[in-house]
Protein chains: 2
Amino acid sequence: MGFREDVRKIKALTDENRLAIMLALQHGEKCGCVLLEELNITQPTLSHHMRILCDSDLVVGRKDGKWMYYSISPEGVAAFREMIGTYARCDCEGGNETGNCCCSVGA
Amino acid sequence: MGFREDVRKIKALTDENRLAIMLALQHGEKCGCVLLEELNITQPTLSHHMRILCDSDLVVGRKDGKWMYYSISPEGVAAFREMIGTYARCDCEGGNETGNCCCSVGA
DNA sequence: TTGATACATTGACAACTATCTATATATGTG
DNA sequence: CACATATATAGATAGTTGTCAATGTATCAA
């Protein structure tokens, strides 16, 4: 199966700085230079992380003049969570089909 | 914030073999030797992966004689999805509080 | 055009990870 | 006890990843 692509996408969230970036973007788009002020990393490192987040489709970038505005992708986030749900799930009494399974928690 | 612990847990799902294991356990517990037959890896490598999955609380192990039976942890899975949801989320029109946000998809 | 700003790319390096072989431990069987 | 089976641990190694300094590219203003 195509586990490789899923692994690649999940890896987008396996870095402390990238988690911080996801939180930083939660209330709307920000440009790179603003993110840079919030994270104790250099500009090339931020560029590296933004590329990974965009490649995972969790984040989208919009270029405006010399600025890059980044924002959470609602579609990407939804697809991500759905994908995670295919692996982080179980068959408990409620059943997954009915939506009553404990795995529906935090959905 | 404690991103480190979250990163460690998310890393549990960033390996193709571990994703395959999560799927293999989805319909009930299996002992290590059965998993070993389904995955083209050596026994020490399986042991390594099971340790990581158990450390992440996505899987629990039960020792019975010389066998180790592994199964999905419903609580661990629920906590994992909830944790993922704190990072893979957005503020779109529906709003996160009401549960109508697009980020509720695949929950 | 010159200079400043925002961002991307390159190359190097340390840290981490998945994998294997070899070996150890534990359990059950004759 | 000796032996087989199931699993864990140790050590080695190749590949990956996050980071930085240095440099390149693009945009805008004076």
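Since we're looking at a predicted model, the values are computed, not measured. In what follows, chains carry the letters A, B, and so on, assigned in the order in which the sequence lines appear, proteins first and then strands, with residues in each chain numbered from 1.
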Ignoring the backbone of [X], work out which of [options] is nearest its side chain.
| X | options | answer |
| --- | --- | --- |
| B:P44 | D:dA21, D:dT7, D:dA10 | D:dA10 |
| A:K63 | D:dA6, D:dA8, D:dT27 | D:dT27 |
| A:K66 | D:dT27, D:dT19, D:dT9 | D:dT27 |

Is a side-chain donor or acceptor of B:R18 paired with a backbone partner of B:L13 at a separation under 3.5 angstrom?
no

message = Test your reading of the model: is there a side-chain donor-acceptor pair from B:E29 to the backbone of B:G61, 3.5 Å cut-off?
response =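 Side chain of B:E29 to backbone of B:G61, a donor-acceptor pair under 3.5 Å: no, none is there.
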
Mind checking if [X] touches a base, just sugar-phosphate, or nothing, with heavy atoms under 4.0 Å?
| X | value |
| --- | --- |
| A:Y69 | nothing |
| A:L35 | nothing |
| A:H48 | base |
| B:R8 | nothing |

What is the distance, to the nearest angstrom, from the [atom1] atom on [X] to the [atom2] atom on [N]?
| X | N | atom1 | atom2 | answer |
| --- | --- | --- | --- | --- |
| B:I52 | D:dT9 | CD1 | P | 13 Å |
| B:W67 | D:dA4 | CH2 | C1' | 12 Å |
| B:K30 | D:dA6 | NZ | P | 16 Å |
| A:D55 | D:dT17 | CG | P | 12 Å |
| B:D64 | D:dT7 | CG | P | 11 Å |
| B:M68 | D:dT5 | CE | C1' | 16 Å |
| A:D15 | D:dT16 | CG | P | 18 Å |
| B:L46 | D:dA8 | CG | P | 8 Å |

Checklist line | Outermost DNA chain C nucleotides near chain A [under 4.0 Å, heavy atoms] | finding: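 Range of nucleotides touched by chain A: C:dT5 to C:dT9.
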
Can you give the donor-acceptor pairs under 3.5 Å from side chains of residues 37-48 of chain A to other protein atoms, not counting sequence neighbours?
{"unit_1": "A:E38", "atom_1": "OE1", "unit_2": "A:K30", "atom_2": "NZ", "d": "3.4"}
{"unit_1": "A:E38", "atom_1": "OE2", "unit_2": "A:K30", "atom_2": "NZ", "d": "2.8"}
{"unit_1": "A:T42", "atom_1": "OG1", "unit_2": "A:T45", "atom_2": "OG1", "d": "3.1"}

I want to check one thing: is the phosphate of D:dC20, taken as OP1 and OP2, less than 4.0 Å away from some side-chain N or O of A:T45? yes

Would you say [X] and [Y] make side-chain contact, with heavy atoms under 4.5 Å?
| X | Y | value |
| --- | --- | --- |
| B:R81 | A:R89 | yes |
| A:E16 | B:D6 | no |
| B:N17 | A:F3 | no |
| A:Y70 | A:C31 | no |

Do B:Q43 and D:dA8 have a side chain to base donor-acceptor pair shorter than 3.5 Å? yes

